[in-house]
Each structure stands twice: as C-alpha cells, then as structure tokens.
Amino acid sequence: MVINAGQCHYAAGDRRSGGTTSATFETRRRYRLTSRNLNRFAASGRAAVLVLAGMLLLGSGIPARGQSEGHNSQKGLEGAWRLQLTVRDCNTGQALRTFPAVFTFAKGGTATLITAGQLPSLATTGLGAWRHAQGHNYSAVTDAFVFSPAGVWIQTHRLTRAIEVSVDGDAFTDTVALEIFDPNGNVIVTGCATSVASRLE
C-alpha cells in the first residue's frame, strides 16, 4: 500500500505525542471527511450546472423572442415609412401631382408626417394619431398648420387615412381624404390622395 504525505504526517505526529492513534485510522477519518466534502461539492456543482443550464435556455430564448417580435409582420403599422403621395381628382381619380413624404407611427398611437408637398417655411410638421382597425387595416389622422408668407396662420390641413399594411409588413397603401379648414374651423376645401409606402429601416 502506498502511504501519502498526509498519512505520514498524522502517523509521525502521533508518535511524537505518545498517542495510540494509528495511521490507518487517521487515513480513514480523513478519507471520510474528504468524501463528505466531495459529496457536498458535487451537490453544489450539480445545482450550479442546473442554474447555468436554465440561464442558457432563458438567454437563448430572449433573442428568439426578440426576433419574432421584431419581425416586420409582427410590427403592423408601427415604425417609420417612406411614402410617395399622389394628389388625385376626387371625381375621376386622375393623378394631379406626386411628392415624397416620411411618416412615423409611434408605439402608443402618435403619428408624425413630414412632406415635400408644402414649403417648410409655410407649414408645420403634421402631427396626429393612429389606431388599429382590424387585421392589416389601420386609420390615421394628422393636422398641419399653414401660414402666409407674412407668417399669418391661414389654414389647417387635416389628412385622414385608411391604411392597409401588406402581409409581410414591409409596405402599405392608403387612401387619403384632405380637409382644409380656415382659422374659424370651417371646411373650405376637400381633396383626395393615395399613397404607396415602404418601411424605412
């Protein structure tokens, strides 16, 4: 049998002190203590492995869920869009003019529209609200204030949109009803338009 340094230490110590404890007893006692500790460490290690495995599974689920939630088809209308807006004759549908715009639909239902259809020095950004109707259909209303070159507020332009988002969530089309109000709130002009839009990413 091979005796390790620990066994020699205990046996030599007993001789010097005149004790009767044998090296074999000390070895067994130390082995039992070591085994108990090893069992405890093993149990702790198994618990740590389970915790780590749980964290890895949870961690791997987060990106998967994020990708699923972040997929365009799951966003619906929320996000930023690049539009081509075409003003049309309400009776014939004939295109009168086309210009670009950018629309953002924020979480919570607010909407922001900027457009090349008005001089920025004469009109404010369009602000408003949007909501989900059903399926891929949404509605939105925005108001913008229009001023004279002298800086006098002369009109409010209200755009009411019926929007349909594509199945893949990357595009939408809409029909637009325009109402122009004077400063007293009277409708003085109505108009029609359509838009095609792609998601801005």
(message) Using side-chain contact (heavy atoms from CB on, under 4.5 Å), reason through F103 and L200 one step at a time and then give a plain yes or no.
(response) CA-CA 9 Å; F103 223 134; L200 192 130; over 6 Å; no
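- The shortest non-hydrogen separation linking E78 to R199 is O-NH1, 2.8 Å.
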(message) What verdict does the side-chain contact (heavy atoms from CB on, under 4.5 Å) test give for L113 and L159, after you've listed the backbone C-alpha separation in whole Å, the side-chain angles of each residue and the deciding distance to 0.1 Å?
(response) CA-CA 10 Å; L113 172 67; L159 299 176; 3.7 Å; yes
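- Pairing each heavy atom of A193 with each of L85, the nearest pair is CB-CD2, 3.8 Å.
- L83 is listed as a side-chain neighbour of F172, based on a closest heavy-atom distance under 4.5 Å.
- Counting only residues at least two apart or in different chains, side-chain hydrogen bond (donor to acceptor under 3.5 Å, both in side chains) contacts with residues 174-193 comprise R161-D174, D174-S195, D182-N186.
- Two residues are said to be in side-chain contact when any heavy atoms from C-beta on lie closer than 4.5 Å; H132 and L77 fail this criterion.
- W81 places no side-chain N or O within 3.5 Å of a backbone atom of A171 that could act as its donor or acceptor partner.
- The shortest non-hydrogen separation linking I163 to A140 is CD1-CB, 4.1 Å.
- Considering only residues two or more places apart in sequence or on other chains, T104 meets the side-chain hydrogen bond (donor to acceptor under 3.5 Å, both in side chains) condition with none of them.
- Note on ring orientation: taking the six-membered ring where Trp is involved, the planes of F145 and W153 are perpendicular (angle over 60°, cut-offs 30° and 60°).
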(request) Decide side-chain contact (heavy atoms from CB on, under 4.5 Å) for W130 and T142; before the verdict, give the C-alpha distance in whole Å, the side-chain angles of both, and the deciding distance to 0.1 Å. (result) CA-CA 9 Å; W130 66 277; T142 55; over 6 Å; no
